[in-house]
Amino acid sequence: VVSPAPAIALAGLSALLGERCLRDAASCAAYGQDNSRRHAQPLAVLQPATVAEVQQVVRIAAEAGVPLTARGRGTGTTGAAVPIAGGLVLSFERMDRLLAIEPADRYAVVEPGLLNGALQVEAGRHGLFWAPDPTSLPYSTVGGNLACNAGGPRTVKYGASRDNVLGLCFVDGRGELIRTGTRTTKGATGYDLTRLLVGSEGTLGLIVEATVKLLPLPAARAGFLAVYDSIDTATAAIVALMQQPELPAALEFMDDAALALVRARGVDLPVGAALLLVDADGAAATLPFTLQALTQAARVPGLVELRQAATAGDLAALWAARKALSPALRSLAPGKINEDVVVPVSRIPELCRAIAGWRIELGLPIVVFGHAGNGNLHVNLLYDPADTAQRDAARRGLALLFQTVLALGGTLSGEHGIGLDKRDWLPAAVGAPALALMRQLKTVFDPAGILNPGKVLPPI
Ligand SMILES: Cc1cc2nc3c(=O)[nH]c(=O)nc-3n(C[C@H](O)[C@H](O)[C@H](O)COP(=O)(O)OP(=O)(O)OC[C@H]3O[C@@H](n4cnc5c(N)ncnc54)[C@H](O)[C@@H]3O)c2cc1C
């Protein structure tokens, strides 16, 4: 039974959207989850097709006090798109157009539901690309990428979503349409609302249009993998690589557990305690010099083997090792907590040493890999959810991880965001004054508290 205010809202939404207001249990169930495997049943799923419809939906929801959770494609890993407070899910799947592309000014204007992969195809026709490259690129949306500040391997050189957006149009919690930012690559005009919205996970406003920065596609790529005899020596190489002027286009790390896992699946890799995968890109004429600088930096004492990719096929083979990891993890245990913590690059050995201790203390496999150039490591705690002791150990491992990362001067998330899973750690990460300011901002943007309630900020 739906109580009176939501019932009136649902009647208004059905009148507004017709069959794009889905109320059957099966549709609601399908839109009630994300990749966190959490689930909550919404009252209805809305599929607006225009900005005006989004504004109208927000006004109806605000008046009735009904929660509204924005949704791209539900690939988020933190429960951010799960409608835990019930209410409405607003899916942007019908707002997926490329509105404009301006190669001369290097930007594109897109609707939020456009898939990142589709944008790459369109930009590629003009010799351009959008830098954010999450592994979920083929099936996650630009709106979702911006809402989570998604990134990927090439963030080390080109930045994450926040660094590659010029302006936004968003609808706030009152239904007001607000335009932010510029269409230029410079701008010093007032507060930077664009970057405030990025990473706000649908709690401050609904992004209905984005002007994203495009970059020229590099003409050539090359790369190598390097295996080291210890985590410390691999970290020395990471520091050396990041201290010299030639930025790698990707600098990925795997610890010994990750290496063993990939090797066990038949990928031919040298034996060692840690692996770095380094990519370079640029003009064909200058790439050899970049590569030479990078290989030189990677040759620190403790290097076991450096394997260079001579061709595009070789490069793909090197990346096969990295890509084999995620599926391989599933063979170790049915449950996985995959965190994306960040520490200053020089503190990676301390984090890895702590993790080695937790493997013994908790009795759980822990596999570490990730975007080392940014100090952004995916720490995977593997366990059996059906086993109470293992479940408790995994939970304890998570607390140890977050405490340690913060103590090392790092932060909770590099790219997945906070969502539901990490919100209780936000106070420890940002401190009381910043948290209080965030709560005030939330009230300003969303006075009725309807936009994705219960996410990012912990309950008071
Ligand atoms: C296999 C796999 C690999 C992944 N790899 C990476 C990776 O390498 N790097 C990375 O960063 N992430 C990765 N992710 C996580 C996820 O894909 C990203 O967070 C992605 O940005 C989510 O996009 P989405 O469209 O699915 O958004 P959703 O999951 O639907 O939503 C995510 C959040 O954004 C909000 N939101 C969505 N659209 C809007 C909008 N228009 N306005 C306001 N808020 C909105 C939602 O309310 C929610 O809070 C991966 C996920 C999977 C399943």
Side-chain angles (χ1 to χ4, degrees), residues 31-38 42 45 48 51 54 58 67-85 87-96 110-119 131-155 160-162 165 168-173 197-210 250 252 322-323 325-327 329-330 336 338-340 342 369-371 374 376 378 413-421 423 445-446 451-456:
Y31 286 80
Q33 61 195 22
D34 68 3
N35 196 49
S36 68
R37 300 186 182 187
R38 291 171 185 267
V45 177
V51 173
V54 175
V58 173
L68 185 59
T69 303
R71 182 180 178 88
R73 287 299 170 102
T75 67
T77 59
T78 65
V82 178
I84 50 161
L88 309 162
V89 167
L90 189 158
S91 167
F92 279 105
E93 68 202 84
R94 304 236 179 183
M95 293 176 67
D96 65 347
V110 306
E111 289 187 324
L114 183 69
L115 296 181
N116 179 323
L119 172 58
D133 62 337
T135 313
S136 58
L137 172 156
Y139 39 84
S140 64
T141 65
V142 174
N145 293 169
L146 290 166
C148 296
N149 192 23
R154 62 185 178 216
T155 297
S161 298
R162 185 173 276 128
V165 59
L168 296 174
C169 262
F170 74 91
V171 175
D172 74 3
L197 258 286
V198 176
S200 65
E201 303 183 23
T203 62
L204 297 181
L206 307 181
I207 298 167
V208 290
E209 186 189 294
E252 299 288 297
R322 170 72 169 82
K323 290 193 174 147
L325 257 177
S326 280
L329 287 175
R330 299 201 185 283
K336 172 178 86 164
N338 170 12
E339 291 306 333
D340 70 315
V342 196
F369 58 92
H371 317 301
N374 296 109
N376 182 198
H378 292 291
S413 170
E415 52 184 27
H416 291 167
I418 298 298
L420 189 56
D421 288 353
R423 67 174 189 187
F445 280 75
D446 177 25
L451 296 181
N452 209 1
K455 310 296 171 53
V456 183

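In what follows, residues are counted from 1 in the order of the sequence shown. Remember, it's 1-based here, ligands and their atoms both numbered in the order they're listed.
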Sub-4.5 Å side-chain heavy-atom contact between L119 and V110: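 Yes. Closest side-chain heavy atoms under 4.5 Å.
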
Test item: I84 and R38 side chains (from C-beta on) under 4.5 Å apart, heavy atoms: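 Side chain of I84 against side chain of R38, heavy atoms only: no contact under 4.5 Å found.
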
Any residue meeting side chain to side chain contact (heavy atoms under 4.5 Å, CB included) with P112, in chain and number order, not counting sequence neighbours: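 For P112 the side chain to side chain contact (heavy atoms under 4.5 Å, CB included) partners, ignoring immediate neighbours, are F92, M95.
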
Qualifying residues under side chain to side chain contact (heavy atoms under 4.5 Å, CB included), relative to T203, sequence neighbours excluded: S200, K442, N452, K455, V456

Neighbouring residues of ligand 1, heavy-atom cut-off under 4.0 Å: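 The answer is N35, A70, R71, G72, R73, G74, T75, G76, A80, A81, F92, P112, P134, T135, S136, Y139, S140, T141, G143, G144, N145, A147, C148, A150, G151, E201, G202, G205, L206, I207, E415, H416, N452, counting any residue whose heavy atom sits under 4.0 Å from ligand 1.
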
Parallel, tilted or perpendicular, as decided by the 30° and 60° cut-offs, for the rings of H378 and H371: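 Answer is perpendicular, since the angle exceeds 60°.
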
Residues forming a salt bridge (Lys or Arg N to Asp or Glu O under 4.0 Å) with E209, sequence neighbours excluded: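 Counting only residues at least two positions away or on another chain, E209 forms a salt bridge (Lys or Arg N to Asp or Glu O under 4.0 Å) with R179, R183.
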
